[in-house]
Amino acid sequence: MDIAGELNPQQQQAVTSSGRAILVLAGPGSGKTRVLAHRIAHLVQQRSVAPWAIMAVTFTNKAAREMRERVERLLGGQPDGLTLGTFHATCARILRRQADCLTAPADFVIYDAKDQESVVKQALKKLNLDEKRYRPRQILSIISRAKNELIAPEAFQARTYLEEVAGRVYGEYQALLRENDALDFDDLLMQVVFLLDTHPAVLRKYQQRYRHILVDEFQDTNTAQYVLIKQLAGGQGNLFCVGDEDQSIYLFRGADWRNVRRFREDYPESETILLEQNYRSTQLILDAAQAVIKRNSNRTHKALFTERKGGARITVGEPYDEDEEAEFVVNTIRRGNADPGSYAIMYRTNAQSRRIEEAFVRAGMPYRLVGATRFYARREVKDVIAYLRVVHNQADSIGLLRIINVPPRGIGAKTIAALQNWAAEQGIPLAAALEKIAATGDGTRSGRAPLPFPGRARKALVRFANLLTGWVMQRDTVPVPELMDLILEKSGYRAYLCDGSREGEDRWENILELRNVAREYPELTLTEFLERVALVSEVDNLTDEGDAPTLLTLHAAKGLEFPTVFILGVEEGILPHKRSWDEPEQMAEERRLFYVGITRARNKLYLLHCFRRAFWGDPDLGLPSRFLSDLPPELIDDREGMAAGAAVSYDYTGSALFSPRSSGTVGRSLLTPARAPSRGISPSPVKSRPIARPVEPSYRTGQRVRHDSFGEGIVIEAEPADGDEIVTVAFEDKGLKRLLASMAKLQAVDDE
DNA sequence: AACAAACGGCTTTTT
DNA sequence: GCCGTTTGTT
């Protein structure tokens, strides 16, 4: 979609409407980003509104950047003072500016998921609770939910035993964050809401400044975000929200599509505008998407249409296993003569990406991977950031503990524990204790309190403390990249990584990458650099450069579009994910996720589901996703099937495998056609499982057998193992079992 | 204190 | 099939 084109009547209406709150429900590919940008430009050009009186909030930095670029093109330059950024970044700015109203100082640090986990562990320890019994991640998700719902520790009400525990941890957790001058992601939002709630003067200031508030991806707002928007918009209702209920896929982090309804209730005068024309996909793809999403209730119906009538039918394929799935993708791309960059490969879980990556590597083809082990979550990157964070704010003991002995410098667990105790005894932060020790020098006495450290440990502590103080003294005069160099050298971290190993080299390269980020933004202070690093995500760095297919999760795909899209693992247990099976609400979200995936495709869509899928090491059956049966058969090209690459052509509509989950058990559906495993299609260097047979197999695929307690079934696979044989059998009543031939005493049933 | 080897828990999805 | 943690060894 180019900005040169005309706006259609609905878009035009959305851009120019005024005088009341507006809710734009925009279908996929309907140009909502464009509408937002045009509206900002429109407001500025009206002259009645100064750019600094406009606040536009998005969820990702990428969306913010895209919007900024569009606005710039429309206005022929950057509007002065326009507030345009993500919720989190905007909140962080407000908090730093209003620090005097808060418990947290302006130089607070931001904790990510890993740091949060460490804090929970500390809190558990403090409360004498066993972290094996109360899993930190679980506790954390309860705390996070509370924060997203704006429930402070004091107001937290437990409804289960675990919640009771979590409630206590929550209080301790917040206290620890405060001690560390730290905020987590959820705090950024919650604290701003609390701040505006308790400081009317501050609230008034922001309300008076921001005359227009625009919100992107409104369906993904959680309660905290919604309340924040409402606070800022005040009564005047110059609120402009754009979203699509059908693309709400962040329930798990507190997003609440009911905010759409709340909005209508809170602003009864508001106007709702539907954007139904799609400028992205073919009609066929749109039809498929609508067939899928139609089955959800609680949605505003939109009649999506496009001028791109017809279109290539959807290829649904069933490769044998993940390897064949990956080979199919690679071969299809290789054989097609389209630009490799026009392909996207999407999947439900990050864990699925590995097989595809391997296939691309084998084929010698480049690819772009979004997410997975996220750059900023890598150990070495986190280490360096921890160094910077501690230099920035010594109260950050989580960061300090991370690096105090990395690289190893003689400060072991014993010494650290002693240091922690000693600090706690005196009620001072860890770093202050460290400093105090250093202040005593190498001497043996320090006034009254004798230091509890033997000579060797103290020497190490003093050395480290001196390093730290040195960096702290330089942090305001030395630019961030140089500060990084200094730390990397003097801490011995570079030498520690560059030990000559291949892995060390890779890790060092990641550090250089981080340094490049710092170099790219030379004007950023240390505080700003750290904030940026904490609040950007991988998708944000996805650029258009590079002529390679893109690998990404369905979540990461939102807002993007590609000429050709593969969705992998369209199977029960994966999409929909098995964690969603018993929650209708979550199941609806899985459906929306699938919908998001489908609607990313401009021209051509491939949906793949494996016959066999290994979950964690153990092979299991793949059952086609129930969502596939919602696709009208005439939209599917099942004859082409896997012919282009892999093996099986497959009749979908008639198969038991294809029926919804409720109507067939694993065992029964298997009994229909016992399929021979097909091997990968690509020629040689493909990593193939050893097919060598040290022992002649005594069972063959498709053979009928009887087991003493499991009854009758069909052999799915028989593979030799150390002189024995592992037989996988699908039993009529008991489902799939893997058995050791010597133990199972299977009897052949010859009823043919 | 530092390393190697075994072990167990785990996977949704992200700002 | 991976990662981080625990355990054993020098």
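Letters A, B, ... are given to chains in the order of the sequence lines, protein chains preceding strands, and every chain is numbered from 1.
Cation-pi check for A:Arg612 over A:Tyr320 is not met; the charged atom does not lie both under 6.0 angstrom from the ring centroid and within 45 degrees of its normal.
Among the heavy atoms of the strands, none lies under 4.0 Å from A:Glu117. Looking at heavy-atom distances under 4.0 Å, A:Phe185 makes contact with a base. When heavy atoms are screened at a 4.0 angstrom cut-off, A:Asp112 is found touching no nucleic acid atom at all. Using a 4.0 Å heavy-atom criterion, one finds that A:Tyr250 contacts the sugar-phosphate atoms exclusively.
Side chain of A:Thr415, nearest nucleotide from B:dT13, B:dA1, B:dT15: B:dA1. Nearest to the side-chain atoms of A:Thr553 among the listed nucleotides B:dT14, B:dT15, B:dC10 stands B:dT14. Checking B:dT14, C:dT5, B:dC3 against every side-chain atom of A:Pro408, the shortest atom distance belongs to B:dC3. Among the nucleotides B:dT14, B:dC10, B:dT15, the one closest to any side-chain atom of A:His555 is B:dT14.
Side-chain N/O atoms of A:Arg135 include one lying less than 4.0 angstrom from OP1 or OP2 on B:dC10. Using a 4.0 Å cut-off, some side-chain N or O of A:Asn350 falls inside it from OP1 or OP2 of B:dT14. For B:dA2, the OP1/OP2 oxygens have a side-chain nitrogen or oxygen of A:Asn405 closer than 4.0 Å.
In this structure, A:Phe252 counts as stacked on the base of B:dT13 under the 5.5 Å centre distance and 30° plane angle limits.
What separates CG of A:Asn61 from P of B:dT15 is a distance of 8 Å, to the nearest Å. Atom CG in A:Leu140 sits roughly 16 Å away from atom C1' in B:dT11 (whole-Å rounding). The CG atom of A:Leu552 sits 10 Å away from the P atom of B:dT14 (whole-angstrom rounding). The distance from atom NZ of A:Lys114 to atom C1' of C:dG4 is 8 Å, rounded to the nearest whole Å. In this entry the distance linking NZ of A:Lys147 with C1' of B:dT15 reads 14 Å, nearest Å. Look at CD1 on A:Ile249: it is 11 Å from P on B:dT15, rounded to the nearest Å. When the P atom of B:dT13 is taken as reference, atom CE of A:Met587 falls 17 Å away, rounded to whole Å. Rounding to whole angstrom units, CD of residue A:Glu131 and P of C:dT5 are separated by 9 Å.
Across B:dT13 and C:dG4, the matching P atoms stand 15 Å from one another, rounded to whole Å.
Residue A:Glu589 forms a side-chain hydrogen bond (donor to acceptor under 3.5 Å, both in side chains) with just one option from A:Arg592, A:Arg591, A:Gln586, and that option is A:Arg592. Residue A:Ile411 forms a side-chain contact (heavy atoms from CB on, under 4.5 Å) with just one option from A:Leu419, A:Leu461, A:Leu434, and that option is A:Leu461.
Taking for each of A:Leu189 and A:Lys414 the nucleotide of DNA chain B with the nearest heavy atom, the 5'-most of the two is the partner of A:Lys414. When the nearest nucleotides of DNA chain B are assigned to A:Gly412 and A:Gln586 by heavy-atom distance, the more 5′-ward of the two goes with A:Gly412.
When only modelled atom types and interatomic distance are considered, A:Gln219 and A:Tyr250 share no side-chain donor-acceptor pair under 3.5 Å.
Between A:Arg389 and A:Tyr111, the closest side-chain pair of non-hydrogen atoms falls below 4.5 Å.
For A:Arg262, the CZ atom is densely surrounded, since the number of other residues' heavy atoms within 6.0 Å is greater than 12.
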